[in-house]
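In listed order, ligands and their atoms are each counted from 1.
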Amino acid sequence: MKVLLLGSGGRENAIAWKLAQSPLLSELFIAPGNAGTAEYGTNISIPATHFQEIADFVIEYSIEMIIVGPEAPLVKGIYDFFAENDTLAHIPVIGPSKLGAQLEGSKAFAKDFMTRHQIPTAAYLEVSMDNLPDGMEFLENLKPPFVLKADGLAAGKGVLILNDLEEARKELMAMLDGKFGDASETVVIEEFMSGIEFSVFVLSDGINYTILPLAKDYKRIGDNDTGLNTGGMGAVANPPFVSKEIMAAIEKSVIQPTIEGLLKDGIVYKGFIYIGFMLEGSNARVVEYNCRMGDPETEVVFPLIKNDLLSLFLATAKGKLNEVKIETGNETAVTVILSSGGYPNDYKTGFPISGLENITESLVFHCGTTQNENKQIVTNGGRVLAITSTGNTWQEAAKKCYASIRLIDFEGKYFRTDIGQDLG
Ligand code: AMP
Ligand code: GLY
C-alpha cells in the first residue's frame with residue numbers, strides 16, 4: 001500500500017518507524033516530515049493543512065491511505081474534505097471527521113458531549129460576553145484554584161489555573177476580550193480536580209474500539225514538575241498507579257460511553273481518541289479529549305505494540321476493529337525528550353546533532369530536526385529528539401534512555417533527569 005502520513009514531529013517519526021515494519025507497506029510519504037521520518041519514507045514539502053495540495057499529491061501518486069498525526073488538519077476538516085469529494089472519497093483518512101475533532105477543537109463541545117453522555121468530568125460553565133454575570137457568579141461559588149479554559153485551540157497555552165478570585169475575574173475578562181484571539185471568545189470555567197494525571201489512547205472505527213497501552217506524560221520543563229508547561233518532556237508507559245480495576249472502571253464509565261455517544265450523535269470517528277484523566281483515589285474523571293495520539297506518548301506507547309500498524313489502520317477504515325486484539329509483551333517503556341536550551345520560551349535552532357550513530361540500546365525519534373545544506377542533521381524545534389527504551393521495569397528502561405542521552409550532543413541540549421523516578 002502507498003501511504004501518506006501528515007505531520008512533522010516525534011509522534012509522526014514513531015508512526016513512520018512502525019509503519020515501515022509492515023509487510024503491507026509499499027511506499028511511505030510524509031508531509032512535511034523531519035530528518036527522522038526521512039529514514040522511513042520520502043518527505044514532501046506540503047504543510048499538513050494545505051488540503052488541495054495534499055489531494056493533488058494523493059491523486060498523482062495513487063496514495064491508498066492518509067494517516068493524520070496532528071490535530072490542526074483534523075480540526076480544519078481533512079476527513080470531510082476527502083469524504084465529500086467524489087474522486088477522493090474511496091481513500092481512507094485515519095482521523096475523525098471535523099465534528100469529531102471538535103472533541104479537541106472546542107472545550108465547550110467536549111464538556112457538552114460529556115454531560116450529554118454522563119461521562120465523569122469536572123463541573124463547568126460555558127461563558128461568553130452574553131452570560132458574563134453567570135460566569136462571575138459561577139466563579140464565586142467555586143473553591144480555589146480556579147480553572148479557566150479558552151474554548152478553542154490555543155497552542156497548548158489556553159488553560160489558566162489561578163489561586164485568587166480577583167485574578168480569576170480579571171483573567172476571565174481578558175480572555176473574553178481576546179487574550180487568546182478567537183479561541184477565547186468563549187471560556188469554559190471548571191471546578192479544579194486534584195490528583196494524578198494519565199492518558200488513555202483508544203483507536204475507534206466508529207463502532208468498535210481497541211485500547212492501546214496507557215501513558216503518563218511529564219509536562220513541566222523542570223525536574224520534579226517545576227517551571228513552565230511544555231508539549232511534554234518525557235513519558236512512561238503503563239504507569240503502575242493505574243490498576244487493572246481502575247482501567248476496567250474507566251472502560252465502562254468513559255470509553256464505552258464515548259464510543260456509543262459518538263455513534264448516537266451521528267459523529268463519524270475513525271481514528272485515535274486520546275483521553276486525559278485525573279485520578280483521585282480510585283476515582284478517574286476526564287480532563288480533556290484530544291482527537292489524535294499524544295506526543296511524546298506515541299513514542300512511548302507504539303514500541304510496546306506488537307501488531308502490524310497498517311493492519312490496524314486497515315481494520316479501522318473497514319470498521320473491523322472488533323477482529324483485532326492489541327498484543328503487547330511484558331515490557332514497559334520510557335521516553336525522555338531532548339530539547340533546545342530556552343524551550344518552551346525562545347530558543348535557537350540549526351545546531352548540528354552528534355552521536356546518533358552510537359545509539360544501540362534506545363530508539364531515537366526525531367521531533368524537531370532537519371538536514372542542513374551539508375546534509376548534517378541539525379536542531380529545528382523546541383523539542384528535538386525523543387529517546388525511548390524498553391525494559392522489564394521503568395527503572396531499567398529509564399537507565400537505558402539516560403545512557404543513550406550521554407552519547408548524543410548538540411549546543412544547548414536540555415532534558416529532565418527525573419523521568420519515571422516518581423514511580424518508585
Ligand atoms: P487541558 O488542555 O484541558 O488538558 O488542560 C491542560 C492541563 O491543565 C491539564 O493537563 C491539567 O494538568 C490541567 N487541568 C485542566 N483542567 C483541569 C481541572 N479541571 N482541574 C485540574 N487541572 C486541570
Ligand atoms: N503530550 C501532550 C499532547 O500530546 O497533547
- Kindly compute the distance separating CG (Leu310) from CG (Leu24), expressed to the nearest 0.5 Å. 5.0 Å

Do [X] and [Y] have side chains that approach each other closer than 4.5 Å (heavy atoms only, starting at C-beta)?
| X | Y | answer |
| --- | --- | --- |
| Glu251 | Gln256 | yes |
| Val378 | Thr349 | no |
| Tyr124 | Asp112 | yes |

- Heavy atom under 4.0 Å from ligand 1: found in Glu190's side chain, backbone, both, or neither? side chain

- Note on the structure: Under 4.0 Å between heavy atoms, the region of Glu191 that gets near ligand 1 turns out to be backbone

Can you give each donor-acceptor pair under 3.5 Å made by side-chain atoms of residues 138-148, sequence neighbours left out, with the distance rounded to 0.1 Å?
from   : atom 1 : to     : atom 2 : distance (Å)
Glu140 : OE2    : Arg169 : NE     : 3.4
Glu140 : OE2    : Arg169 : NH2    : 3.0
Asn141 : ND2    : Glu137 : O      : 3.2

Can you check whether [X] has an N/O within less than 3.5 Å of an N/O in ligand 2?
| X | answer |
| --- | --- |
| Gly231 | yes |
| Asp217 | yes |
| Lys219 | no |

Just need the protein heavy atom nearest to [atom], so name the residue and atom and give the distance.
| atom | value |
| --- | --- |
| atom 20 (N) of ligand 1 | Met193 N, 2.8 Å |
| atom 3 (O) of ligand 1 | Lys149 NZ, 2.9 Å |
| atom 9 (C) of ligand 1 | Glu197 OE1, 3.4 Å |
| atom 23 (C) of ligand 1 | Ile161 CD1, 4.0 Å |
| atom 5 (O) of ligand 1 | Val159 CG2, 3.4 Å |
| atom 2 (O) of ligand 1 | Lys107 NZ, 2.8 Å |

- Task: Step by step, work out the side-chain contact (heavy atoms from CB on, under 4.5 Å) result for Ile267 and Gln102.
- Result: CA-CA 10 Å; Ile267 299 173; Gln102 286 296 91; over 6 Å; no

- With a 4.0 Å cut-off on heavy atoms, is Pro296 touching ligand 2? yes

- Can a non-hydrogen atom of Gly294 be found less than 4.0 Å from any atom of ligand 2? yes

- Identity of the nearest option to atom 4 (O) of ligand 1, non-hydrogen atoms only, from Glu288, Met278, Glu104: Glu288

- Answer side chain, backbone, both or neither: which part of Arg292 comes under 4.0 Å from ligand 2, heavy atoms only. side chain

- Query: What part of Glu297, side chain, backbone, both or neither, has a heavy atom within less than 4.0 angstrom of ligand 2?
  - Reply: side chain

- Message: Can a side-chain donor-acceptor contact be found between Thr417 and Asp223 if the only test is distance below 3.5 angstrom?
- Response: yes

- Could you point out which residue of Phe277, Tyr218, Tyr274 forms a ring pair (Phe, Tyr, Trp, His ring centres under 6.0 Å) with Phe198? Phe277

- Note on the structure: In Lys76, Arg292, Lys98, the residue satisfying salt bridge (Lys or Arg N to Asp or Glu O under 4.0 Å) with Glu71 is Arg292

